[in-house]
Asks: 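Quick one: the structure is below, questions incoming.
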Amino acid sequence: MNEITDKLAAEGQLHLLKFADELTESEKEKLFAQIRELDFSILNYDCTESARGKIEPIPALSISESENKKGRYREIGLNAVREGKIGALLLAGGQGSRLGFDKPKGMFNIGVKKELYIFECLINNLLKVSNDAGADIPLFIMTSIQNNEDTIDFLEKHDYFGYNKSSVHFFIQDQLPVVGTDGKFLLAAKDEVLTAPNGNGGWYASLLRSEAYNHLKNSGIEWINVFAVDNVLQQIADPCFIGAVIDSGMSCGSKVVAKSAPEERVGVMCLEDGRPSIIEYYEMSDEILHQLDSNGNLAYKYGVILNYLFNISELDKIVGFELPLHRAFKAVSCLDDYGNVINSDKPNAYKFETLVLDMVKPQKNCLVYEVERCREFAPVKNKVGVDSVDSARELLKLNNIEL
Ligand code: UTP
């Protein structure tokens with residue numbers, strides 16, 4: 001107990017023991033064990049975005065450029081799938097706080113007249129490729145401790161929407177403590193410090209420590225297609241994309257869409273000090289936002305859609321590379337000073353996250369691969385408005401998907 005009290009006192013976090021007297025011995029032990037493992041370093045982590053290097057436009061393979069090579073790319077991609085070189089990795093550990101749905105986002109029913117779940121949309125898209133190739137594509141699913149059980153139960157209940165269950169491998173991502181606006185850790189319960197998933201950039205580190213990694217290692221997978229759960233038009237293990245990346249000889253690829261307007265709030269691909277990188281919209285000066293190329297097009301026109309193809313051997317080289325932590329202001333449920341649970345639908349605390357987009361910069365190069373926005377990008381982020389359930393439904397209809 002002393003060791004815990006001393007540690008908390010030194011870190012200014014003694015309030016975590018506020019309700020300790022009300023706890024049973026085993027509850028106390030649970031709380032102390034968690035505190036012993038807590039990463040206190042995030043309290044002093046400097047999250048100010050570090051100064052960017054020299055930003056320049058990056059060459060991209062536009063839709064018109066790739067069009068007449070599609071047949072060749074597709075063949076290369078389908079062969080890679082048949083040879084078992086391709087894996088898919090679904091990032092499904094997020095908490096989807098903006099959508100305000102209290103289950104894993106993939107369980108959200110986007111259907112209108114019939115049930116159509118987000119997981120179902122994604123699996124349908126992946127099935128198209130595995131049927132065309134005549135081969136299974138191993139699917140790794142990253143969950144979090146908060147949503148792992150619900151996710152597995154749901155997919156079991158729906159018989160994996162027709163996907164071969166033995167090709168699906170789950171792993172759970174790591175957690176980090178959540179910090180209140182006063183700089184203090186929060187409690188989720190009287191015997192539990194509030195933690196949250198540590199961001200989608202933690203996927204490779206978490207995968208390496210999991211049992212699922214054995215499947216990756218023993219399967220001969222050379223490339224892994226990492227994608228977000230919330231884009232219901234997400235084309236996964238797209239043979240043309242895979243073929244174009246392999247053909248380019250580059251170590252990774254990023255699907256992008258042309259920005260809808262210079263001010264669109266999306267990260268764009270660029271070169272930073274000569275390496276592929278992503279610059280967030282809030283980091284772009286007015287000059288960069290509106291800069292034109294020699295053809296009069298936006299010089300930084302390609303927004304990322306969280307669909308990357310990474311070469312596993314290149315990832316292994318950057319395992320020790322420390323990704324920056326970003327601080328995100330989000331809505332969380334936690335205990336108030338009196339031990340009552342408060343549920344907030346407005347951002348009230350800081351989560352700490354690494355981001356998959358920061359895994360692009362350590363890569364030697366990256367194929368920036370443009371896809372048609374209305375065919376491949378329908379994110380479900382918000383309840384209403386931009387990138388919402390309604391906008392995603394409209395885009396599904398446009399693509400003749402029955403709702
Ligand atoms: P978002 O950045 O939209 O975060 O995730 P989120 O937590 O799901 O949603 P909000 O911001 O609270 O509304 C983009 C993708 O990264 C995954 C999400 O599941 C989604 O596929 N993700 C995010 C993780 O897998 N783990 C995380 O810790 C965060």
Side-chain angles (χ1 to χ4, degrees), residues 39 42 88-108 110 117-119 121-123 125-126 139-148 150-151 154 170-178 194-207 210 212 224-234 236 254-255 265-267 278 280-282 303-308 323-333 343-360 377-389 392:
D39 184 352
I42 64 159
L89 192 138
L90 167 57
L91 300 167
Q95 296 187 299
S97 57
R98 283 170 287 173
L99 184 62
F101 177 59
D102 65 354
K103 293 280 175 205
K105 217 187 236 188
M107 287 174 61
F108 188 83
I110 191 111
Y117 298 96
I118 291 184
F119 280 138
C121 294
L122 300 174
I123 289 179
N125 291 348
L126 190 53
L139 172 62
F140 298 85
I141 302 184
M142 180 167 85
T143 60
S144 63
I145 51 168
Q146 285 90 350
N147 73 13
N148 184 59
D150 281 343
T151 302
F154 179 79
F170 295 92
F171 66 101
I172 300 178
Q173 72 173 104
D174 298 333
Q175 299 275 123
L176 279 173
V178 178
L194 181 67
T195 63
N198 66 345
N200 55 31
W203 72 269
Y204 198 55
S206 298
L207 177 63
S210 73
I224 190 120
N225 185 195
V226 179
F227 63 99
V229 73
D230 45 25
N231 174 7
V232 286
L233 284 179
Q234 189 86 261
I236 308 141
S254 168
K255 279 199 171 188
R265 294 155 72 102
V266 62
I278 290 146
E280 286 292 355
Y281 62 93
Y282 51 81
V304 287
I305 59 170
L306 222 172
N307 187 322
Y308 301 100
L323 296 175
L325 271 183
H326 300 262
R327 206 170 67 144
F329 197 38
K330 301 233 178 164
V332 301
S333 300
N343 294 308
S344 176
D345 53 5
K346 294 203 182 69
N348 58 344
Y350 295 101
K351 289 186 190 172
F352 293 81
E353 304 187 328
T354 58
L355 301 178
V356 65
L357 58 82
D358 286 317
M359 295 176 82
V360 171
F377 191 46
V380 182
K381 295 282 185 195
N382 304 304
K383 275 186 216 159
V384 288
V386 179
D387 298 342
S388 64
V389 176

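In what follows, residues are counted from 1 in the order of the sequence shown. Note that ligands are numbered from 1 as they come in the structure, with each ligand's atoms numbered from 1 the same way.
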Asks: Out of G100, G93, G96, who is nearest to atom 8 (O) of ligand 1 when you count heavy atoms only?
Replies: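 Ranked by closest heavy atom to atom 8 (O) of ligand 1, first place is G96.
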Asks: Can you tell me which residue and heavy atom of the protein come closest to atom 4 (O) of ligand 1, and the distance to 0.1 Å?
Replies: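 Here the nearest protein heavy atom works out to K330 NZ, 3.8 Å.
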Asks: Rounded at 0.5 Å granularity, tell me how far CG in L323 sits from CE in M359.
Replies: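 CE of M359 is found 6.0 Å from CG of L323.
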Asks: Using a plain distance cutoff, I'd like to know if E353 has any nitrogen or oxygen under 3.5 Å from a nitrogen or oxygen of ligand 1.
Replies: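 There is no such contact.
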Asks: For ligand 1, which part of A92 has a heavy atom less than 4.0 Å away: the side chain, the backbone, both, or neither?
Replies: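 It is the backbone that touches ligand 1; the side chain stays farther off.
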Asks: Evaluate side chain to side chain contact (heavy atoms under 4.5 Å, CB included) for K383 paired with S388, printing each intermediate quantity in order.
Replies: CA-CA 5 Å; K383 275 186 216 159; S388 64; over 6 Å; no
Asks: Can you pull out the closest protein heavy atom to atom 26 (N) of ligand 1? Residue, atom name and distance to 0.1 Å, please.
Replies: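 In this structure, atom 26 (N) of ligand 1 has Q173 OE1, 2.7 Å as its nearest protein heavy atom.
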Asks: If you compare all heavy atoms of A92 against all heavy atoms of I141, which two are closest, and at what distance to 0.1 Å?
Replies: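 Closest pair (atom of A92, atom of I141, distance): CB-CG2, 4.2 Å.
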Asks: Would you sort out whether Q234 and K255 count as a side chain to side chain donor-acceptor pair (under 3.5 Å), showing the intermediate values?
Replies: CA-CA 10 Å; Q234 189 86 261; K255 279 199 171 188; over 6 Å; no
Asks: Only counting residues at least two apart or in another chain, list the ones meeting side-chain contact (heavy atoms from CB on, under 4.5 Å) with D174.
Replies: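 With neighbours one apart ignored, the set is N198, S206, R209.
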Asks: Give the residue, atom name and distance (to 0.1 Å) of the protein heavy atom nearest atom 22 (N) of ligand 1.
Replies: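 Going atom by atom, the protein heavy atom closest to atom 22 (N) of ligand 1 ends up being G94 N, 3.5 Å.
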Asks: Distance only, no hydrogens: is a donor on one side chain within 3.5 Å (strictly under) of an acceptor on the other, for N225 and N307?
Replies: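 Yes - a donor-acceptor pair under 3.5 Å links their side chains.
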Asks: Of the protein's non-hydrogen atoms, which lies at the shortest distance from atom 20 (C) of ligand 1, and what is that distance?
Replies: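 Result: L91 O, 3.7 Å.
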Asks: Looking only at protein heavy atoms, identify the closest one to atom 7 (O) of ligand 1 and say how far it is in Å.
Replies: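 For this ligand atom, the closest protein heavy atom is Q95 N, 3.0 Å.
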Asks: Could you find the nearest protein heavy atom to atom 3 (O) of ligand 1 and give me its residue, atom name and distance?
Replies: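 Looking at atom 3 (O) of ligand 1, the protein heavy atom closest to it is K381 NZ, 2.7 Å.
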Asks: Any donor and acceptor pair, going by atom type alone, linking the side chain of Q146 with main-chain N or O of P197 inside 3.5 Å?
Replies: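 Such a contact is absent between Q146 side chain and P197 backbone.
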Asks: Hey, does V229 have a side-chain heavy atom less than 4.5 Å from the side chain of L122?
Replies: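 Yes. Closest side-chain heavy atoms under 4.5 Å.
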Asks: Please list the nearest protein heavy atom to atom 2 (O) of ligand 1 with its residue and the distance rounded to 0.1 Å.
Replies: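 Protein heavy atom at minimum distance: R98 NH2, 4.0 Å.
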Asks: Looking at M142, which atoms of ligand 1 are within less than 4.0 Å of one of its heavy atoms?
Replies: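 Matching atoms, with element in brackets: 25 (O).
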Asks: Is there a side-chain contact between T151 and F170 in this structure, where contact means two heavy atoms from C-beta onward sitting under 4.5 Å apart?
Replies: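 T151 reaches F170 side chain to side chain.
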Asks: Looking only at protein heavy atoms, which one is nearest to atom 16 (O) of ligand 1, and how far off is it?
Replies: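 Among all protein heavy atoms, the one nearest atom 16 (O) of ligand 1 is N200 ND2, 3.0 Å.
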Asks: Would you say V229 and ligand 1 have an N/O pair spaced under 3.5 Å apart?
Replies: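 So ligand 1 has an N or O lying under 3.5 Å from an N or O of V229.
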